[in-house]
Amino acid sequence: MSRAKKTKRYIGIDLGTTFSAMAYLDPHGSPVTIPNAEGTLTTPSVVYFEPSGEVVVGAPARLAAVEHPELVVQCVKREMGERFYPRTILGRKIPPPAISALILKKLKQDAEAKIGPIDGAVITVPAYFDEGRRQATIAGGQIAGLEVLDILNEPTAASLAFAYRNIKRKSDGLDDVLQLIDDKRAHRIAAVYDLGGGTFDVTVLKIEGNNLTVLATDGDVRLGGKDWDDKLLQAAANAFKTKYKTDPREDEHSYEALLAASEECKCALSTSDRSRLSMTHQGKHASIEVTRAQFEEMTASLLYRTENRLNRVIEAAKLPWNQVDEVLTVGGSTRMPQVLDMLQRVTGQKPNTSLSPDEVVAHGAAIHAAITQLKNYQDSVKTAPVPVSGPSLMDDDAALPMLDAEPPLAVPTIEAPVDPADQTVALGTGLAPLADEADQLADLAEQANPSEQYDDNEATDVLRAITTSNVNAHSLGVVMTQGDKVKTNSTVIPKNTNLPTSVTRRYGTVIPNQTSVSVVIVEGDSSDPDQCIPIGKCTIEKLPWGLRKGSTIYVTLSYDNSGRLDVKATEATSGSTAQTTIDRTNAMNASEIDQAQQAVEKMEVR
Ligand code: AMP
């Protein structure tokens, strides 16, 4: 019996620290925000665990924070990559991805009520997220029962939405879309300044025709609107303490109420010169007036931290500000006039605030989902292997940073013998554990051509023509032993390298007759490995007998456009090879994800 082919449906999700949003592409190929069940375009990323076992997500959960702060989780995104959320909830230790999954489950439910069944999503993350945090985000999606089609950097999503809007506007007019695809006059440099509720990102991109290339990215995963709220909160609480000799910060309920009042006061100061902040604690009441000038003074150090990163990123992109055509603002906190003033002062131009700061990232994710879906389908119907876009150092022997000519000066930390307990085989550090390729192709063959979901052929052409390329936000290196026992981080792929990339470096064994090699991979810029994040280990067992000290070991790190890392270590004489023996201590393993998924599936989320 033949059954009708069905196109899978994917949405774009901006899983924000304080607010989340979701979008899909309508039949004309235009991104549309999907409102939640409450009818708002964004959903507070707040989770309230009711003692009954039910879970409430969004605005009602935020209100519950005042009465039951111990049962409410806010800003779980800041904890992604950690093993457990820092405090227990209803007596349980919960991994952050499982909490994110509850937010995603609510978003999925609400989206399905509006647009029908959803198979999966592209979820966005700050460009500055490291591998562990990306992994945790993917796990969150999987636990929520979503197929994570891809993880996309938030600034790339914002620029994609910006570029797509411009391309589509022209294509909806008189221009021939094919001419547009070749139109190199569309070359623009954009800087995306994204200050959300809990994270800050700044990225410089080149938009050339339909090509988006990230030139440099920087950021801070612990800097956002919340910190501005906190400055107001501290000032107000100090004033209260001076007046009444009692501190509202010492009581969870008074603290939560004060936090909410501080955020309200902050938002009011974006449009008014002055605002009031009221607080109640132990039956005493106080209200202070805050002027915008006072607020700007108390938060100047926070703004300066973003300015610092802005300068760093433009240096890394090797461009003067006068070559930047567009300064795009993203994230709710860019509504603060101090941000816009600083951007104008530093960049010498008025920031482009035409994108909806709350929706643009979700729109970019929805566009990326459509592009990825069309490309995957196209690839599945082609028989020839598909070339990878972008440069790969492995394609160009001359560019290999091997140290053939001279003997190795430094050698990786290769400790022999290796403890057999270290030999756990786990999956790489990149994206979601992918299904078997054959299964994927069979799955795609079962689907209808995704372009059929758009009435508008030109929308499909534009989507097919867009390419994006990325850089890595953190350096990747291996731990070496230098001299006798001093360990250093030897960078293999420096930060801001164009992706995909594959770099091979030559190292040597530490001792004569070494029997195994264990290459430790770290993420970070410090030369001290202890200051970096260990992300995995690759072990070659059974080296040939009789190797002299300093025998060649080639280490290859291959990093793809979406952040997947493959590691390969090869002993030169025997060809013994080990690949991606990655062990992320904080990542949830497949059976933990499975268990969490079953638990979340049973939970009532509203
Ligand atoms: P996002 O993560 O992009 O949704 O941004 C959320 C952050 O933007 C929160 O810290 C909000 O308090 C902040 N925000 C939203 N509206 C305003 C406003 N009018 N003025 C200042 N901050 C705002």
Side-chain angles (χ1 to χ4, degrees), residues 12-23 33 35-36 40-46 57-59 61-62 65 74-78 80 100 103 107 123-129 137 152-155 157-158 161 192-203 219-233 256 258-275 277 290-292 294-296 298-299 302-303 305-306 328-343 351 353 355-365:
I13 297 180
D14 169 9
L15 185 60
T17 311
T18 49
F19 289 91
S20 297
M22 48 189 173
T33 306
N36 60 21
T40 55
L41 298 180
T42 59
T43 303
S45 307
V46 183
V57 172
R62 217 173 175 208
Q74 310 206 37
C75 294
V76 66
K77 189 170 172 177
R78 283 190 166 178
M80 294 298 260
S100 273
I103 302 170
L107 296 177
I123 304 175
T124 57
V125 293
Y128 213 63
F129 252 27
T137 306
L152 181 67
N153 288 338
E154 285 158 13
V192 182
Y193 176 101
D194 179 356
L195 187 62
T199 54
F200 169 65
D201 255 298
V202 55
T203 301
D220 190 332
V221 287
R222 291 201 169 262
L223 182 62
K226 271 242 158 239
D227 301 289
W228 269 258
D229 302 343
D230 197 52
K231 291 279 182 194
L232 267 179
L233 181 149
E256 285 296 334
L258 182 52
L259 193 60
S262 304
E263 188 186 6
E264 220 172 280
C265 177
K266 171 191 77 175
C267 292
L269 288 170
S270 290
T271 44
S272 311
D273 278 351
R274 56 193 64 231
S275 179
L277 203 166
V290 188
T291 65
R292 189 189 287 168
Q294 286 168 327
F295 174 59
E296 290 183 351
M298 67 177 83
T299 55
L302 299 173
L303 189 67
R305 276 165 66 188
T306 75
L328 302 171
T329 54
V330 181
S333 301
T334 60
R335 291 197 177 94
M336 291 188 289
Q338 56 176 288
V339 168
L340 301 178
D341 292 346
M342 181 277 289
L343 283 174
T353 54
L355 301 169
S356 162
D358 305 320
E359 297 168 87
V360 64
V361 170
H363 285 193

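In each ligand, atom 1 is the first atom listed, and ligand 1 is the first ligand listed.
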Does a side-chain N-to-carboxylate-O contact under 4.0 Å join Arg222 and Asp230? no

Have a look at Pro126 and tell me which of Asn153, Thr199, Asp194, Thr17 forms a side-chain contact (heavy atoms from CB on, under 4.5 Å) with it. Thr199

Return a yes/no value for Lys266: is any of its N or O atoms, backbone included, closer than 3.5 angstrom to an N or O of ligand 1? yes

Minimal non-hydrogen separation, Ala268 against Ser275, with atom names: CB-OG, 3.6 Å

Which pair of non-hydrogen atoms, one from Thr124 and one from Ala365, has the smallest distance, and what is that distance? CG2-CB, 3.7 Å

Residue, atom name and distance, where the atom is the protein heavy atom closest to [atom]:
atom: atom 6 (C) of ligand 1; answer: Thr18 OG1, 3.2 Å
atom: atom 3 (O) of ligand 1; answer: Gly332 N, 2.9 Å
atom: atom 4 (O) of ligand 1; answer: Phe19 CB, 3.5 Å
atom: atom 2 (O) of ligand 1; answer: Gly197 N, 3.1 Å
atom: atom 19 (N) of ligand 1; answer: Arg335 CD, 3.5 Å

Looking only at the side chains, is there a donor atom on one of Ser20 and Thr43 sitting less than 3.5 Å from an acceptor on the other? no

Using only heavy-atom distances, determine whether the side chains of Thr306 and Tyr193 contain a donor-acceptor pair under 3.5 Å. yes

Can you find a pair of side-chain heavy atoms, one from Leu41 and one from Pro35, that are under 4.5 Å apart? yes

Please could you name the atoms of ligand 1 that [X] approaches to less than 4.0 Å, counting only its heavy atoms?
X: Ser270; value: 18 (C), 19 (N), 20 (N), 21 (C)
X: Glu263; value: 9 (C), 11 (C), 12 (O)
X: Gly331; value: 3 (O)
X: Met336; value: 21 (C)

Taking the non-hydrogen atoms of Thr17, is any one of them nearer than 4.0 angstrom to ligand 1? no

Proximity flag Gly225 to ligand 1, non-hydrogen atoms under 4.0 Å: yes

Is ligand 1 under 4.0 Å from a heavy atom in the side chain of Cys267, in the backbone, in both, or in neither? both

Stepwise side-chain contact (heavy atoms from CB on, under 4.5 Å) check, Val125 with Leu152: CA-CA 6 Å; Val125 293; Leu152 181 67; over 6 Å; no

Within the side chain of Thr33, is there an N or O that forms a donor-acceptor pair under 3.5 Å with the backbone of Ala23? no

